[in-house]
Amino acid sequence: MMRKAGLLLLLFVCAVSAAAAGEIRLSVAASLTDAINEICADYAKTHPGTTCVGNFGGSGTLAKQIAAGAPADIFISANPKWVDFLVGERRVAADTVSVLAGNALVFVGPKERASAMADLPGLKRIAIGSPKSVPAGQYAEEAMKKAGVYDLLVKEGRLVMAQDVRQALIYAERGETDGAFVYRTDALLAREIVILFEVPKEYYSPITYPMALTDAGRANSEAVSFFAFLQSQQARAILSRYGFAMK
């Protein structure tokens, strides 16, 4: 009986190990949610038994989770800052860092609310990702400062902070704010609002999505394989379809 119980336990442990071996844990900037989910689905077609487990959110929040020990094989940020942070924390492999894609910053809202940065002081509430942890919010803050409207908007409490760029988009779609700063790729998914204007590129730093394998990811053969797939023409075609700029 003891031997049988021991055999069953061994089989269970082997099954769990096999499942873990086929699991790829992703920590990804929220603006990439739809594209990465589709890329994962395509990858699974030729890698049966492999599962992507996605954790999507603000890049800063995700990076701090990984630094605190949260499980992750691949980290994709919406700006270089948080990848650099994890390199410094020795949580990601510096020699695996590469750029996945690019994006652009736009302002969305109901029609005819605004047509340029100079119109923002005329709005009551503007949603942005929290600049402390959300790259889209950092880019928006940078742009508003360059346009000379940031101090006024902060002083009068016009800025509504969101936990990630998707939440900022939702605030604008629900009419909870007069508009929101989001990535162009997020704006293309909106149904209730439109792109009011593209933020001049000279107003903010280039938007790039760097990615890297964590130390755990480097030891996971499936994660290494998926990391390579992210750089394939097949994955690039999906990203392009969602509006991301390819280098």
- Query: Does Ser77 use its side chain to pair, donor to acceptor, with the backbone of Ser59 at less than 3.5 Å?
  - Reply: no
- Item | Pairwise distance CD1(Ile126) to CZ(Arg113) - rounded to 0.5 angstrom | 11.5 Å
- Task: Over all heavy atoms of both residues, which pair between Ser98 and Phe227 is shortest? Give the atoms and the distance, please.
- Result: OG-CZ, 4.1 Å
- Query: Between Ala72 and Thr214, what is the shortest heavy-atom contact and its length?
  - Reply: O-OG1, 2.6 Å
- Would you call Arg218-Asp215 a salt bridge at under 4.0 Å N-O? no
- Query: Roughly how far, to the nearest 0.5 Å, is CD of Gln138 from CG of Asn79?
  - Reply: 5.0 Å
- Item | Leu169 with Val160, same ILVMFWY side-chain cluster at under 4.5 Å | no
- Query: Is atom CD of Glu156 surrounded by more than 12 heavy atoms (other residues, nucleotides or ligands) closer than 6.0 Å?
  - Reply: yes
- Task: Find out if a path of hydrophobic residues (ILVMFWY) with successive side-chain heavy-atom gaps under 4.5 Å connects Val97 to Leu86.
- Result: yes
- Query: Roughly how far, to the nearest 0.5 Å, is CD1 of Ile36 from CG of Leu239?
  - Reply: 6.0 Å
- Query: Just how far is it from atom CG of Leu230 to atom CE of Met211, taken to the nearest 0.5 Å?
  - Reply: 5.0 Å
- Message: For Leu120 and Met144: C-alpha separation, side-chain torsions, deciding distance, then whether side chain to side chain contact (heavy atoms under 4.5 Å, CB included) applies.
- Response: CA-CA 9 Å; Leu120 296 181; Met144 286 185 283; 4.3 Å; yes
- Does the side chain of Met117 reach to within under 4.5 Å of the side chain of Phe107, using non-hydrogen atoms? no
- Task: Identify the residue among Trp82, Phe85, Phe75 that makes a side-chain contact (heavy atoms from CB on, under 4.5 Å) with Ile66.
- Result: Phe75
- Message: Any heavy-atom pair between the side chains of Thr96 and Val224 that's under 4.5 Å?
- Response: no
- Message: Please find the pair of heavy atoms, one from Phe56 and one from Ala29, that lie closest to each other, and give the distance.
- Response: CD2-O, 4.2 Å
- Item | Verify same cluster id: Ile74, Val53 (apolar side-chain graph, 4.5 Å) | no
- Does Lys146 come within less than 4.0 Å of Glu142, counting only side-chain N to carboxylate O? no
- Message: Any carboxylate oxygen within less than 4.0 angstrom of a Lys/Arg side-chain nitrogen, looking at Glu89 and Arg91?
- Response: no
- Specify the closest pair of heavy atoms between Ile193 and Pro110, including all atoms of both residues, with the distance to one decimal. CG2-N, 3.9 Å
- Task: Flag the pair Val182 / Val106 as yes when at least one side-chain heavy-atom distance between them is below 4.5 Å, and no otherwise.
- Result: yes
- Query: What about Val92 and Val99, same hydrophobic cluster or not, with Ile/Leu/Val/Met/Phe/Trp/Tyr joined at side-chain heavy-atom distances under 4.5 Å?
  - Reply: no
- Residues which pass ring pair (Phe, Tyr, Trp, His ring centres under 6.0 Å) with Phe244, listed by chain and number, not counting sequence neighbours: Tyr209
- Query: Roughly how far, to the nearest 0.5 Å, is CG of Asp73 from CG of Asn220?
  - Reply: 4.5 Å
- Task: Taking the side chain as every heavy atom from C-beta outward, state whether Ile76 and Leu26 have any atom pair closer than 4.5 Å.
- Result: no
- Item | Close side-chain approach of Met161 and Ile128, heavy atoms under 4.5 Å | yes
- Task: Using atom types as modelled and distance alone, determine if a side-chain donor or acceptor of Ser232 lies under 3.5 Å from a backbone N or O of Phe229.
- Result: yes
- Would you check, one step at a time, whether the test side chain to side chain contact (heavy atoms under 4.5 Å, CB included) holds for Tyr139 with Tyr183? CA-CA 10 Å; Tyr139 295 124; Tyr183 296 125; 3.6 Å; yes
- Task: Check the pair Arg191, Glu173 against side chain to side chain contact (heavy atoms under 4.5 Å, CB included), reporting the backbone distance first and the verdict last.
- Result: CA-CA 8 Å; Arg191 297 180 179 180; Glu173 283 216 281; 4.1 Å; yes
- Task: Find out whether Tyr150 and Leu159 are in side-chain contact, i.e. whether some heavy atom of one side chain is under 4.5 Å from a heavy atom of the other.
- Result: yes
- Given the rule in the side chain to side chain contact (heavy atoms under 4.5 Å, CB included) test, do Tyr242 and Leu188 qualify, once you have shown the distances and angles that lead to the verdict? CA-CA 8 Å; Tyr242 278 93; Leu188 296 176; over 6 Å; no
- Message: Measuring from atom CG of Asp42 to atom OG1 of Thr46, what distance do you get when rounded to the nearest 0.5 angstrom?
- Response: 8.0 Å
- Query: Looking only at atom types and distance, does a side-chain atom of Ser240 sit under 3.5 Å from a main-chain N or O of Arg236, one as donor and one as acceptor?
  - Reply: yes
- Task: Identify the two heavy atoms, one from Leu105 and one from Tyr204, that lie closest to each other, and give their separation to 0.1 Å.
- Result: N-OH, 3.0 Å
- Message: Check for me, please, whether Phe181 and Val154 land in the same ILVMFWY cluster - side-chain distances under 4.5 Å, paths through other members count.
- Response: yes
- Item | Sequence neighbours excluded, every pair satisfying side-chain hydrogen bond (donor to acceptor under 3.5 Å, both in side chains) that has a member inside residues 117-135 | Ser115-Asp119
- Within a strict 4.5 Å, meaning less than it, do heavy atoms of the Asn55 and Gln65 side chains meet? yes
- Shortest non-hydrogen contact between Gly58 and Val134, atoms and distance: CA-CG2, 4.4 Å
- Query: With a 4.5 Å heavy-atom cut-off, do Asp34 and Arg166 have their side chains touching?
  - Reply: yes
